[in-house]
K.L.:
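I'd like to ask some things about the structure below.
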Protein chains: 2
Amino acid sequence: MKRPPFTPTIAALPKLVPFVGPETMARSRGRPFRARLGANESSFGPSPRAVEAMRAAADQNWKYSDPENYELRTAIAAFHNVAIEHVVVGEGIDGLLGLTCMLFLSPGEGAVTTEGAYPTFNFHVQAHGGRLLMVPMRELREDLPALRDAAAGTGARMLYVSNPNSPMGTHWDAAHLNAFIASLPDGVMLLLDEAYCDTAPPGTVPAIDAGNPQVIRYRTFSKAYGLAGARIGYAIAARDVIEAFDKVRNHYGINRVGQIGALAALQDQEYLRHAVGSIDAARNRISAIARDCGLVPLQSAASFVAIDCGGDGNFAKRVLDELLARDVFARKPVVSNLDRFIRVSCGVDADIDIFAAELPKALETARRG
Amino acid sequence: MKRPPFTPTIAALPKLVPFVGPETMARSRGRPFRARLGANESSFGPSPRAVEAMRAAADQNWKYSDPENYELRTAIAAFHNVAIEHVVVGEGIDGLLGLTCMLFLSPGEGAVTTEGAYPTFNFHVQAHGGRLLMVPMRELREDLPALRDAAAGTGARMLYVSNPNSPMGTHWDAAHLNAFIASLPDGVMLLLDEAYCDTAPPGTVPAIDAGNPQVIRYRTFSKAYGLAGARIGYAIAARDVIEAFDKVRNHYGINRVGQIGALAALQDQEYLRHAVGSIDAARNRISAIARDCGLVPLQSAASFVAIDCGGDGNFAKRVLDELLARDVFARKPVVSNLDRFIRVSCGVDADIDIFAAELPKALETARRG
């Protein structure tokens, strides 16, 4: 009894997990967190109309979803003023990033990204045998010129940029991004992850040019829309790229309740504006709490705040560990030039109250070392 | 502006879709179906406790699901009396089949399956550049000895068997399957798709030997459990195979509401028995309706009935088209040795009533055709 070998790519892969979930941490701690501020979820929740639509859909969950995701794609296409043939729906941006690697990356081919940026992209690149080319952040932002140069000099097929980026919450404005897009070397696909674009200041998001053959735009209902559990993301790209997604995607992979919730959420832009306002207020509050403790929060365009703890990576790690020990779930970057920061997600006042109460104590204990 | 080339595998793939959804057909027809009996969903629905759990979870859908799917995997492991390390949860069996191809299949390597069996497996094999080796059914069953010989003679890495199988609803008993498993050539993984096992007669399902390095068992909540829209399937396999799934799966890909519904459904086995009884009654009713029309239904172990229309493939196609024209959604096999059949899913009496009323008319028109 002998199984077949794993493919060479799989056999060479280390066991790795992009993010340890708060549930896993709670199990090993033996108790739940009191404030869930680590995964950039929105505890402000989705539109009440989305909740109502999902409730109403529960007893219809015996049916598969429409594998063409027609209603949702039609609404997304209308929202962005593109044809439906430019839109594909996936199991969150994560799922679409994996499929994108499948489309463009043969083993050994390069993918450029920023050191310390979204690790799930790296996870998918490695699972497809790709070669990761890492560019450090520059002044706490993704370094567009260096990313482009890395892609040009190495024959890379894909270039990942998030705007605003996680884990720092910094961003480029649309003018810079448009110049960057115009300067892309031929043969490189820009994967522009805009998961956090809904909370960015005006002028951040470039106009969508769905026909551009070198750009895929990724959006999600997981962040400002408040539907992380629904697992609905989408991509906008040239028609032939969307056709290629159709060759490989799991056609019946999108769950019915989530899809119905996402549609209702998209149709309630007034609630989205309200949620973005709440997120902005939480951002300001988290920043003020950090400043009150003598720390330096970064200006954030995303639904979280990166806070410079003022010491080295070990110190920030101690601060994070003390927060976790006090039942506050937060996260931190680990790469060397970002590791003095911790990252705290926006959330409802009750959760931020707990953070406000615990941060001074966490700092005091961390400073005692 | 030039995009990167698609990988050679993707570039060579035809545009194909495993199944056209009833929504797509309804859109092109311009009106909905009255009886949804084509996708082997269960209109008996899931346990009312699952519906209630999903309703209650709707306003918590702002949270990502536990990426380890710990509660659901724990319950599945206990249900099958295996350790949790033998269980992986995926976006339906479909999603897990795609990942399995990723684990074992390099471009050009072979995968054996039955001609006319589940096309989504073929879809994933081709998307990974695999070579499909097709074995015809024999006496309307998957031909286990021929499948084994095809795998042995060709260096194939994977062998797909569904038991009971779709689209015929025939099955092998556990004794035959165990002998088949014992006879597998080294270096071949058996993908045993048991989507329909809950409705099979006693003695169909082999005991689970989770340590067997050559077998992956696939189960789903989409069929008898009545949760097709939830997109929750799982696989049971050796620990190193499950670890390999963890290297490539979309860790945050499982939607929260679906996962909670599946857990509640698993915990209500009394309802499952009730649903299986309803499915069995519908099977008998569909068979009787077919017989009343002079057609020959196959004895089915699955949640549908394949009906021999008594003519050739063209005649069966006319019968199906006449059913569709009368707003009855059903499907049919297309390969030459099975194409005289149509396939009708079990469902609630109201839907079977419509089928009973429309089949004689469809036959009459088809016979004139």
K.L.:
So which atom in B:W62 and which in A:E41 form the shortest heavy-atom distance, rounded to 0.1 Å?
P.N.:
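So the minimum-distance heavy-atom pair works out to O-CB, 3.4 Å.
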
K.L.:
Pick whichever of A:M54, A:M189, A:K63, A:R55 has the most heavy-atom pairs under 4.5 Å with chain B.
P.N.:
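Of the options given, most contacts go to A:K63.
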
K.L.:
Does any heavy atom of chain A fall under 4.5 Å from the side chain of B:V248, the backbone, both, or neither of them?
P.N.:
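Both backbone and side chain.
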
K.L.:
Go through the atoms of B:S42 and report whether side chain, backbone, both or neither lie under 4.5 Å from a heavy atom of chain A.
P.N.:
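Looking at B:S42, just its backbone touches chain A.
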
K.L.:
If you tally heavy-atom pairs under 4.5 Å against chain A, which of B:A39, B:P46, B:S43 wins?
P.N.:
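Answer, by heavy-atom pair count under 4.5 Å with chain A: B:S43.
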
K.L.:
Of all of B:A156, B:G226, B:P8, which one pairs up most often with chain A through heavy atoms under 4.5 Å apart?
P.N.:
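Most heavy-atom pairs under 4.5 Å with chain A: B:G226.
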
K.L.:
Where on B:M158 is there a heavy atom nearer than 4.5 Å to chain A: the side chain, the backbone, both, or neither?
P.N.:
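The answer is neither part of B:M158.
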
K.L.:
Report the option among A:L190, A:L184, A:D240, A:I232 that has the most heavy-atom pairs separated by less than 4.5 Å from atoms of chain B.
P.N.:
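If we count pairs closer than 4.5 Å to chain B, A:D240 comes out on top.
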
K.L.:
Please tell me if the side chains of A:D246 and B:L16 come closer than 4.5 Å, counting only heavy atoms from C-beta onward.
P.N.:
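The answer is no; the side chains never approach within 4.5 Å.
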
K.L.:
Could you check whether B:R27 pairs with A:D66 (Lys NZ or Arg NE/NH1/NH2 to Asp/Glu carboxylate O, under 4.0 Å)?
P.N.:
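A salt bridge is present here (some side-chain N lies under 4.0 Å from a carboxylate O).
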
K.L.:
Which atoms of B:L105 come close to chain A, meaning under 4.5 Å heavy atom to heavy atom: side chain ones, backbone ones, both, or neither?
P.N.:
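Just its backbone gets close to chain A.
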
K.L.:
Under a 4.5 Å cutoff for heavy-atom pairs, which residue among B:Q214, B:E109, B:K15 has the most contacts with chain A?
P.N.:
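Going by pairs under 4.5 Å, I would pick B:Q214.
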
K.L.:
Check each atom of B:A11 against the heavy atoms of chain A and say whether the ones under 4.5 Å are side chain, backbone, both or neither.
P.N.:
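For B:A11, the contact with chain A is made by the backbone alone.
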
K.L.:
Which answer fits B:P107, side chain, backbone, both or neither, if we ask what part of it has an atom under 4.5 Å from a heavy atom of chain A?
P.N.:
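For B:P107, there is no contact with chain A at all, as no heavy atom is under 4.5 Å.
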
K.L.:
Could you tell me which non-hydrogen atom of A:S222 sits nearest to which non-hydrogen atom of B:Y64, and how far apart they are?
P.N.:
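So the two residues come closest at CB-OH, 3.6 Å.
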
K.L.:
Could you tell me which non-hydrogen atom of B:N255 sits nearest to which non-hydrogen atom of A:A230, and how far apart they are?
P.N.:
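Looks like CB-O, 3.9 Å.
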
K.L.:
Any side-chain to backbone donor/acceptor pair from A:E68 onto B:G21? Under 3.5 Å, distance only.
P.N.:
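Checking the backbone N and O of B:G21 against the side chain of A:E68, no donor-acceptor pair under 3.5 Å is found.
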
K.L.:
Measure the shortest side-chain to side-chain distance between B:M1 and A:N212 over non-hydrogen atoms and say whether it is less than 4.5 angstrom.
P.N.:
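Side-chain contact under 4.5 Å: yes.
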
K.L.:
With only heavy atoms counted, which part of B:V20 is less than 4.5 Å from chain A, the side chain, the backbone, both or neither?
P.N.:
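For B:V20, the backbone is the part near chain A, not the side chain.
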
K.L.:
Please rank B:L227, B:V51, B:T7 by heavy-atom pairs under 4.5 Å with chain A and give me the top one.
P.N.:
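If we count pairs closer than 4.5 Å to chain A, B:T7 comes out on top.
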
K.L.:
Among the options B:R36, B:Q259, B:E71, B:H251, pick out the one with the most heavy-atom pairs lying under 4.5 Å from chain A.
P.N.:
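Of the options given, most contacts go to B:R36.
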
K.L.:
Yes or no on side chain to side chain contact (heavy atoms under 4.5 Å, CB included) for B:R231 and A:R256, after CA distance, side-chain angles and deciding distance?
P.N.:
CA-CA 8 Å; B:R231 309 317 302 128; A:R256 185 177 191 87; over 6 Å; no

K.L.:
Under a 4.5 Å cutoff for heavy-atom pairs, which residue among B:P185, B:G187, B:A127 has the most contacts with chain A?
P.N.:
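When all of B:P185, B:G187, B:A127 are compared, B:G187 has the most.
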
K.L.:
For chain B, which candidate among A:L103, A:N61, A:V17 shows the most heavy-atom pairs at distances under 4.5 Å?
P.N.:
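The answer is A:N61.
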
K.L.:
Quick one: does B:K2's side chain get under 4.5 Å of A:P213's, heavy atoms only?
P.N.:
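When only atoms from C-beta onward are counted, A:P213 and B:K2 do not touch, as no gap falls below 4.5 Å.
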
K.L.:
Given heavy-atom pairs under 4.5 angstrom as the criterion, report whether the side chain, backbone, both or neither of B:L97 touches chain A.
P.N.:
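Answer is neither: B:L97 stays 4.5 Å or more from chain A.
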
K.L.:
Side chain from CB out, backbone as N, CA, C, O: work out which of these in A:P48 comes under 4.5 Å of a heavy atom of chain B, or both, or neither.
P.N.:
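Neither part.
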
K.L.:
Between A:D186 and B:R3, does the salt bridge (Lys or Arg N to Asp or Glu O under 4.0 Å) criterion hold? Intermediate values first, please.
P.N.:
CA-CA 6 Å; A:D186 269 352; B:R3 67 157 168 78; over 6 Å; no

K.L.:
Just so I understand: if I count every heavy-atom pair under 4.5 Å between each of A:T9, A:V257, A:T24 and chain B, which residue has the most?
P.N.:
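Option with the top pair count is A:T24.
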
K.L.:
Can you tell which of A:M102, A:E243, A:R249, A:H128 has the highest number of heavy-atom pairs within less than 4.5 Å of chain B?
P.N.:
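Going by pairs under 4.5 Å, I would pick A:M102.
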
K.L.:
Can you classify the ring geometry of B:F6 versus A:F104 as parallel (below 30°), tilted (30 to 60°) or perpendicular (above 60°)?
P.N.:
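Parallel.
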
K.L.:
For chain B, which candidate among A:L13, A:V188, A:D59 shows the most heavy-atom pairs at distances under 4.5 Å?
P.N.:
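Option with the greatest count: A:L13.
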
K.L.:
Tell me whether the rings of A:F19 and B:Y252 are parallel (<30°), tilted (30 to 60°) or perpendicular (>60°).
P.N.:
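Perpendicular: the ring planes of A:F19 and B:Y252 meet at over 60°.
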
K.L.:
Can you tell if the side chain of A:Q126 reaches within under 4.5 Å of the side chain of B:K247, non-hydrogen atoms only?
P.N.:
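No, their side chains stay 4.5 Å or more apart.
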
K.L.:
To the nearest 0.5 Å, tell me how far A:N250 CG sits from B:L96 CG.
P.N.:
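Reported value, rounded in 0.5 Å steps: 9.0 Å.
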
K.L.:
Test side chain to side chain contact (heavy atoms under 4.5 Å, CB included) on A:E23 and B:Y70; report intermediate values, then the result.
P.N.:
CA-CA 9 Å; A:E23 294 82 4; B:Y70 185 83; over 6 Å; no

